[in-house]
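We count ligands from 1, going down the list as the structure has it; atoms in each ligand are counted the same way.
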Amino acid sequence: MSIIVQKFGGTSVANSEKIRNAAKRAVAKYKQGHKVVVVASARGKQTDELVADAYELNPDPPKREMDQLLSTGEQQTVSLMAIAIQNMGYKALSFTGHQIQMITDSVHSKARIESIGSEIIHEKLDDGYIVIAAGFQGIDEKGNVTTLGRGGSDTSAVAIAAALKAKQCEIYTDVDGIYTTDPRKYSKAVKINQVSYDEMLELASLGAGVMHGRAIEFGKKYGVEIQVRSSTLDIEGTLITEEVPQMEGILVSGATVQSDLAKITIIGIPHSPGNAAKVFSALAGTKISVNDIIQTELDDNSANLSFTISKNDLADALKTIKAIKNEIQYRDLFIREDIAEVSAVGIGMRTHYGVADRMFKALAENKINIDSITTSEIRISCLVDKQQSDKALEVICDTFQLDKEPEERDM
Ligand code: ADP
Ligand code: ASP
Ligand code: MG
């Protein structure tokens, strides 16, 4: 008997009718002879509402208490789901992160999973139960409730699928798959049938909010087949899987825009070995993850060091960097919050040239100024003014014909 993990996002469990529909999907799989684990998110916008409640009481709410509070959203959904399934005549049990021993580190609001009590889940599946686990939450070794970061239920689901060696992890959501870009931002986007872990990892970390980036890391590491699909339509979704040869033929698979970024430039860092290491180890010590890093020579004695971070981390990052000013003797700091990053991603870039050239030319023709550029083997990203970011995304999508099926695009 194979195990299937089904994850339902917030909009897919927003009210009783939707919970019942999700429950029906779980039961349908169970009736086909699978063991079924459901991972559920908080209903609708509940997590946002809880965040707002906390900020009404305290402009700087303690992170431990935020995790304790936010985890209650998922806890409600799982019991409601179990109640719905039992009413359909099937055995179901709901579990919190604590109850399935979803052990994480202690970094509140962005904890990382360390282990899962898979034997607890196996035991209940063997007894014929549909197991419903709360997404997004875990527990640290001291027993504090932790959360995995916004959108983290995807990661809970894929990690559980990996731990149980599930046949597939289905991500049910409000779109019917992964599109060439966010269809809310570019209505001509087309659905992708299959995408490689590496491409999806880039897309997710560059702002494609349809999947939590860490979920893809688990998927790739443990070879979990992931399918992103609609919770309302009965059609095949997008498979996130190992690379297959025809993927190389597609030049650009998708595009993203990320606007919740800030860029810090440390101006005039003296050229002496170890200064960059001091900056980034101080940031790592504050658990801030840094995206793109660019260092440019100013003169023989000094350099400018720029990097982007999530806007949520800006206050902590500034505090950290100011604290080491005496140690590294930089001249000044320059902050930009009015920027966004647009990116084109595709494993085809490894074997084709001219992608950067086409992208920069198209942006220039549309009078979009590029602040800075970063690349990897399979992506090109540009920082642009925030007001121009929607236009920049559209230009990139049009240039690489992301409104067409891959076989209809001219290379
Ligand atoms: P859930 O609550 O089910 O986790 P999310 O809101 O986190 O749902 O993710 C689904 C949303 O992701 C879609 O409504 C869509 O607007 C957005 N999205 C961003 N990029 C993409 C993309 N490339 N393909 C599909 N959806 C995308
Ligand atoms: N409920 C959490 C959030 O809104 C986790 C999730 O939905 O994946 O971010
Ligand atoms: Mg999500």
When you compare the side chain of Thr155 with that of Ile113, does any pair of heavy atoms fall below 4.5 Å? yes
One thing to verify: whether Asp292 and Lys263 come together as a salt bridge, which I'm taking to mean a side-chain N less than 4.0 angstrom from a carboxylate O. no
Evaluation steps, salt bridge (charged side-chain N to carboxylate O under 4.0 Å, His left out), between Arg150 and Asp48: CA-CA 10 Å; Arg150 297 302 307 269; Asp48 292 333; 3.0 Å; yes
The closest protein heavy-atom partner of atom 2 (O) of ligand 1 is Gly10 N, 3.2 Å
Report the nearest protein non-hydrogen atom to atom 1 (N) of ligand 2: residue, atom name, distance rounded to 0.1 Å. Glu74 OE2, 2.7 Å
Closer than 4.0 angstrom: is that true for some heavy atom of Gly10 and an atom of ligand 2? no
Residue, atom name and distance, where the atom is the protein heavy atom closest to atom 10 (C) of ligand 1: Asp174 OD1, 3.3 Å
Atom 23 (N) of ligand 1 touched by protein heavy atom at under 4.0 Å: yes
What do we get for Val175 next to ligand 1 when only non-hydrogen atoms under 4.0 Å count, side chain, backbone, both or neither? side chain
Have a look at ligand 2 and work out which part of Gln46, if any, has a heavy atom under 4.0 Å from it: side chain, backbone, both or neither. neither
Lys311 side chain near Glu337 side chain, heavy-atom distance below 4.5 Å: yes
protein heavy-atom neighbour closest to atom 14 (O) of ligand 1 works out as Arg184 NH2, 2.4 Å
Tell me the protein heavy atom at minimum distance from atom 7 (O) of ligand 2, and give that distance in Å. Ser41 OG, 3.3 Å
Under a heavy-atom criterion of less than 4.0 Å, does His212 contact ligand 2? no
Quick test of your reading of the model: are Arg350 and Glu243 salt-bridged, counting only N-O distances below 4.0 Å? yes
Test of understanding: given a 4.0 Å heavy-atom threshold, classify the contact between Ser153 and ligand 2 as side chain, backbone, both, or neither. both
Could you check whether any heavy atom of Gly209 sits closer than 4.0 Å to an atom of ligand 1, since that is the contact criterion I want to use? yes
Which one holds for Pro183 and ligand 1: side chain close, backbone close, both close, or neither close, with close meaning a heavy atom under 4.0 Å? side chain
Is the ring pair Tyr90/Tyr30 parallel, tilted or perpendicular, if the boundaries are 30 and 60 degrees? perpendicular
Nearest non-hydrogen protein atom, atom 15 (C) of ligand 1: Asp182 OD1, 3.4 Å
Contact between Asp176 and Lys191 at the side-chain level, heavy atoms closer than 4.5 Å - yes or no? yes
Do any N/O atoms on Gly151 end up under 3.5 angstrom from N/O atoms on ligand 2? yes
Could you report the tightest heavy-atom contact between Ser376 and Glu202, atom names first, then the distance? OG-OE2, 2.9 Å
Of all protein heavy atoms, the one nearest atom 3 (C) of ligand 2 is Arg150 NE, 3.2 Å
Using a strict threshold of under 4.0 Å (side-chain N to carboxylate O), is an ion pair present between Lys63 and Asp316? yes
Heavy-atom gap Gly73 to ligand 2 smaller than 4.0 Å: no
Numbered atoms of ligand 1 (with element) below 4.0 Å of Ile178, judged on heavy atoms: 24 (N)
For the residue pair Asn193 and Thr238, establish whether any side-chain heavy-atom pair is separated by less than 4.5 Å. no
For atom 8 (O) of ligand 1, which protein heavy atom lies nearest, and how many Å away is it? Thr173 OG1, 3.1 Å
Would Tyr179 and Tyr186 count as a close aromatic pair, with their ring centres under 6.0 Å? no
Proximal atoms of ligand 1 relative to Thr181 (non-hydrogen, under 4.0 Å): 22 (C), 23 (N)
Counting C-beta onward and ignoring hydrogens, is there a side-chain heavy-atom pair between Ile250 and Val252 closer than 4.5 Å? no
To check your reading of the model: name the closest protein heavy atom to atom 26 (N) of ligand 1, its residue, and the distance in Å. Val210 CB, 3.6 Å
Proximal ligand 1 atoms for Gly177, defined as those under 4.0 Å from one of its heavy atoms: 25 (C)
Quick one: does ligand 1 sit under 4.0 Å from the side chain of Lys7, the backbone, both or neither, non-hydrogen atoms only? side chain
Residue Tyr179 vicinity, atoms of ligand 1 by number, heavy atom under 4.0 Å: 22 (C), 23 (N), 24 (N), 25 (C)
Inspect the surroundings of CD in Glu17 and state if more than 12 heavy atoms from other residues, nucleotides or ligands are less than 6.0 Å away. no
Using 0.5 Å steps for rounding, measure from the OG1 atom of Thr399 to the CD atom of Glu365. 8.0 Å
So, Asp140 and Lys142, do they make that salt bridge, N to O below 4.0 Å? no
Which is it for Thr256 and ligand 1 at heavy atoms under 4.0 Å: side chain, backbone, both or neither? neither
